[in-house]
Enquirer: 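Take this structure first; my questions come after.
None of the values given here were measured: they were computed from a predicted structure.
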Amino acid sequence: MSAILWNLCFFLIALGLLVAVHEFGHFWVARRCGVKVERFSIGFGKAIWQRVGKDGTEYTLAMIPLGGYVKMLDERVDDVPEVMKPHAFNNRPLWQRSAIVAAGPIANFLFAIFAYWLVMLIGVQAVKPVIGDVAPQSIAAQAGIEPGMELTQVSGIKTPDWESVNLQFISHIGDESMTLTAQPESNVGYEVTKTLDLSSWSFNPEKESALRTLGITPYSPEVTNVISQVVEGSAAERVGLLAGDELLTIDGQPIDDWMEVVTLIRNHPNMPVPLTVLRDGQEKTIELIPDAREQGDKQIGYAGFAPKTEPWPASYQITIQYGPLEAIPQAMEKTWQIVVLTASMIKKLFTGDVAVENLSGPISIAKGAGMTADFGLVYFLGFLALISVNLGIINLLPLPVLDGGHLLFFGIEAVTRRPVSERIQDVGYRVGSAIIVVLMAVALFNDFARL
């Protein structure tokens, strides 16, 4: 329950902030264009707080925090006194109406740049994308990718860390090929470019890793057989396992790989698993009975101890950080990459290259908000920037109920020299609303299916 409340709390913070940014974009430009703004609302439904400012605008915080709106004076909606008609939205020049509508998505893009600027300014710890292993006969192996290589670019985009690599890999879902620029381990300063054939590549981003399905395993420090931590109240603590114990055998077999331990324990919930450990120079036999945990429609074993891992080599660790001025172009470039990635994924969603099962809704966003908040301010800022870009792009889709739909009507007006008829606009709004409802229903269904 606490995890749900935590996720909900940061979801509301994230959504409220991004909606406020979006609506403030409309509000600020409308005021600059001389349009009378009657209400600035964050949320829908019954107001839980409101006040009227000196500018005559009613500022409202409503109960349903799933959006917001800016209500402007408009003759198409209400009767407007003769003296106020010049300040009505519908009476402003076409370029001003277009600027007011476009200002919301633009505000989201500017906020993303600001958030990434803060991230670059604060700095983030990362590790270089060095390949630890390549699966035989995999797509990466067939392209000549080798262990020890450091990935420096993916299809011409610089990739200083694994997050950048993963984002670029995901952006190539549905493509026929992808190029990787890498620096071989044995030849520092020299780079090679390899082309991966993606014609047979397919995976579910919700269940599989893009790296693994291509055959790439990131380098990670060696995991030893020495226990570094025992969880209080766990099965491991109950049978007397201690930090510092070295596992020698499990179920009578010598341990060559820690994943063998993980797999065996997961496959034996509530069943005895004999262990041999080395403690203070003496071997000791312990019978561990892993606790059972639900995972989907089956039970898995859980012991409650973790291994000691060797430290990361200093040469593999980096800090991505820039000064106030240097961070500006870096933040703009990062935002542009996310814009291109998001637009590409939306296009592939409509062309069928990306399955509708990958569409996420508010529950997934809430979980993401809570998880990034756990990691700290830098990661939460990155999450806000990502969602802000998505909100901006979605609002630019040419559906009449969205900002993009209004801009589409304004574009038609610019060509025909007359406004689109109210009847056609009304039909467009109905169709657009229906499409949005269907997409939201699919997203919510996917969210519940992932729980």
Enquirer: Look at the side chain of Thr249 and the backbone N and O of Gly252, then say whether any donor-acceptor pair between them is shorter than 3.5 Å.
Expert: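 Judged by distance alone, no pair lies under 3.5 Å.
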
Enquirer: So, for Ile338 and Val389, which heavy atoms are closest and what is the spacing to 0.1 Å?
Expert: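 Heavy-atom minimum between the residues: CG2-CG1, 3.7 Å.
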
Enquirer: Looking at Arg279, I want to see if its CZ is surrounded by more than 12 non-hydrogen atoms of other residues, nucleotides or ligands under 6.0 Å.
Expert: yes

Enquirer: Quick check against the 3.5 Å criterion: does Ser388 have a side-chain atom that pairs as donor or acceptor with the backbone of Phe111?
Expert: no

Enquirer: Is the backbone N or O of Ala306 less than 3.5 Å from a side-chain atom of Ser228, with the two atoms forming a donor-acceptor pair by type?
Expert: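 Answer holds: yes.
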
Enquirer: What's the verdict on side chain to side chain contact (heavy atoms under 4.5 Å, CB included) for Val37 and Met72, showing C-alpha distance, side-chain angles and the deciding distance?
Expert: CA-CA 4 Å; Val37 178; Met72 291 171 272; 4.2 Å; yes

Enquirer: Can you tell me if Trp201 uses its side chain to pair, donor with acceptor, with the backbone of Asp175 under 3.5 Å?
Expert: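 A pair under 3.5 Å: no.
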
Enquirer: Kindly determine whether Ile216 and Asp133 satisfy side chain to side chain contact (heavy atoms under 4.5 Å, CB included), including the steps that lead there.
Expert: CA-CA 6 Å; Ile216 296 174; Asp133 194 19; over 6 Å; no

Enquirer: Does either side chain, that of Asp403 or that of His22, offer a donor lying less than 3.5 Å from an acceptor on the other one?
Expert: yes

Enquirer: Given side chains that start at C-beta, do those of Thr60 and Trp49 come closer than 4.5 Å, heavy atoms only?
Expert: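 They are not in contact (no side-chain heavy atoms under 4.5 Å apart), so the answer is no.
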
Enquirer: Please examine the side chains of Phe40 and Phe24, heavy atoms only from C-beta on, and report whether any two atoms are closer than 4.5 Å.
Expert: yes

Enquirer: Are any non-hydrogen side-chain atoms of Val29 and Cys33 less than 4.5 angstrom apart?
Expert: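 Result yes, sub-4.5 Å side-chain heavy-atom pair found.
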
Enquirer: Donor-acceptor pair, Gln321 side chain versus Leu121 backbone, under 3.5 Å?
Expert: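 Yes.
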
Enquirer: Rounded to the nearest 0.5 Å, how far does CG of Leu248 lie from CD of Glu283?
Expert: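 If we round to the nearest 0.5 Å, Glu283:CD and Leu248:CG are 5.5 Å apart.
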
Enquirer: Minimum heavy-atom separation for Pro329 and Leu325, please, with both atom names.
Expert: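 Answer, listing the atom of Pro329 first, then Leu325: CD-O, 3.2 Å.
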
Enquirer: Between Leu288 and Ala303, which heavy-atom pair has the shortest distance, and what is it?
Expert: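 Residues Leu288 and Ala303, closest heavy atoms: CD2-CB, 3.8 Å.
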
Enquirer: Which residue pairs pass the side chain to side chain donor-acceptor pair (under 3.5 Å) test when at least one of the two sits in residues 152-166, sequence neighbours left out?
Expert: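 Every pair satisfying side chain to side chain donor-acceptor pair (under 3.5 Å) with a residue in residues 152-166: Thr152-Glu191, Ser155-His172, Asp161-Ser164.
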
Enquirer: If only atom types and distance count, is the side chain of His26 paired as donor or acceptor with the main-chain N or O of Ile100 below 3.5 Å?
Expert: yes

Enquirer: Is a salt bridge present between Asp291 and Arg238, judged by a nitrogen-to-oxygen distance below 4.0 Å?
Expert: yes

Enquirer: Within a strict 4.5 Å, meaning less than it, do heavy atoms of the Leu264 and Glu260 side chains meet?
Expert: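 Contact flag for Leu264/Glu260 side chains = no.
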
Enquirer: Is there a side-chain contact between Ile131 and Leu151 in this structure, where contact means two heavy atoms from C-beta onward sitting under 4.5 Å apart?
Expert: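 Ile131 vs Leu151: side chains touch.
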
Enquirer: Can you tell me how far the CG atom of Leu407 sits from the CD1 atom of Ile412, to the nearest 0.5 Å?
Expert: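 Between Leu407 CG and Ile412 CD1, I get 11.5 Å after rounding to 0.5 Å.
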
Enquirer: May I ask you to test the Leu247-Thr276 pair for a side-chain heavy-atom distance under 4.5 Å?
Expert: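 Contact flag for Leu247/Thr276 side chains = no.
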
Enquirer: Is there a donor-acceptor contact under 3.5 Å linking the side chains of Thr319 and Gln125?
Expert: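 On atom types as modelled, these side chains qualify, holding a pair under 3.5 Å.
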
Enquirer: Could you go through Ile393 and Phe109, starting from their C-alpha distance and side-chain angles, then the distance that decides it, and tell me whether this counts as side chain to side chain contact (heavy atoms under 4.5 Å, CB included)?
Expert: CA-CA 9 Å; Ile393 289 180; Phe109 298 141; 3.9 Å; yes

Enquirer: Please lay out, stage by stage, how Tyr219 and Trp312 fare under the test ring-ring contact (aromatic ring centres under 6.0 Å, His included).
Expert: CA-CA 10 Å; Tyr219 167 83; Trp312 280 91; 5.6 Å; yes

Enquirer: Can a donor-acceptor pair be found, under 3.5 Å and without considering hydrogens, that links the side chain of Glu333 to the backbone of Gln330?
Expert: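 A pair under 3.5 Å: no.
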
Enquirer: What is the minimum heavy-atom distance between Pro324 and Trp117, and which atoms define it?
Expert: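 Smallest interatomic distance, heavy atoms only, reads O-NE1, 2.8 Å.
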
Enquirer: Is there a side chain to side chain contact (heavy atoms under 4.5 Å, CB included) between Gln183 and Tyr190 once you walk through the steps?
Expert: CA-CA 6 Å; Gln183 180 177 273; Tyr190 173 73; over 6 Å; no

Enquirer: Has Arg266 got its NZ or CZ under 6.0 Å from the middle of the six-membered ring of Tyr302, at an angle within 45 degrees of the ring axis?
Expert: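 No, Arg266 does not lie over the aromatic ring of Tyr302.
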
Enquirer: Ignoring hydrogens, what is the shortest heavy-atom contact between Pro307 and Val223? Give both atom names and the distance.
Expert: CG-CG1, 3.4 Å

Enquirer: Is Arg32 atom CZ crowded by more than 12 heavy atoms from other residues, nucleotides or ligands, each under 6.0 Å away?
Expert: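 Yes, enclosed.
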
Enquirer: Starting at CG of Leu399, measure out to CD1 of Ile394 and round the result to the nearest 0.5 Å.
Expert: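 Here the interatomic distance stands at 10.5 Å.
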
Enquirer: Please name the pair of heavy atoms, one in Ala126 and one in Ile320, separated by the smallest distance, quoted to 0.1 Å.
Expert: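 Taking every non-hydrogen atom into account, CB-CD1, 4.3 Å.
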
Enquirer: When you compare the side chain of Val192 with that of Thr181, does any pair of heavy atoms fall below 4.5 Å?
Expert: no

Enquirer: Residues two or more places apart in sequence or in another chain: which of them pass ring pair (Phe, Tyr, Trp, His ring centres under 6.0 Å) with Phe305?
Expert: Trp258

Enquirer: Using only atom types and a distance under 3.5 Å, with no angle test, would you say the side chain of Ser344 pairs donor to acceptor with the backbone of Val340?
Expert: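 Side chain of Ser344 to backbone of Val340: no pair is present.
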
Enquirer: Within the distance-only criterion (no hydrogens, no angle test), does the side chain of Asp245 pair as donor or acceptor with the backbone N or O of Leu241 below 3.5 angstrom?
Expert: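 Answer holds: no.
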
Enquirer: Quick check: does any side chain N or O of Glu310 sit under 3.5 Å from a backbone N or O of Pro221, one acting as donor and the other as acceptor?
Expert: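 No: the side chain of Glu310 does not pair with the backbone of Pro221.
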
Enquirer: Would you say Leu17 and Leu384 make side-chain contact, with heavy atoms under 4.5 Å?
Expert: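 Leu17 vs Leu384: side chains touch.
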
Enquirer: Rounded to the nearest 0.5 Å, how far apart are OH of Tyr316 and OG of Ser220?
Expert: 11.0 Å

Enquirer: To the nearest 0.5 Å, what is the distance between CD1 on Ile106 and CG on Asn395?
Expert: 12.0 Å

Enquirer: Take a 6.0 Å sphere around CH2 of Trp336 and say whether it holds more than 12 heavy atoms from other residues, nucleotides or ligands.
Expert: no

Enquirer: Quick one: sort the Tyr69 and Phe44 rings into parallel, tilted or perpendicular, breaks at 30° and 60°.
Expert: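 If you compare the ring of Tyr69 with that of Phe44, the planes turn out parallel.
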
Enquirer: So for atom CZ, which belongs to Arg430, do other residues, nucleotides or ligands contribute more than 12 heavy atoms lying within a distance under 6.0 Å?
Expert: no

Enquirer: Measuring from Asn108:CG to Leu391:CG, what's the distance to the nearest 0.5 Å?
Expert: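 If I round to the nearest 0.5 Å, the distance is 4.5 Å.
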
Enquirer: Quick check on Phe114: does its CZ atom have over 12 non-hydrogen neighbours (other residues, nucleotides or ligands) under 6.0 Å away?
Expert: no

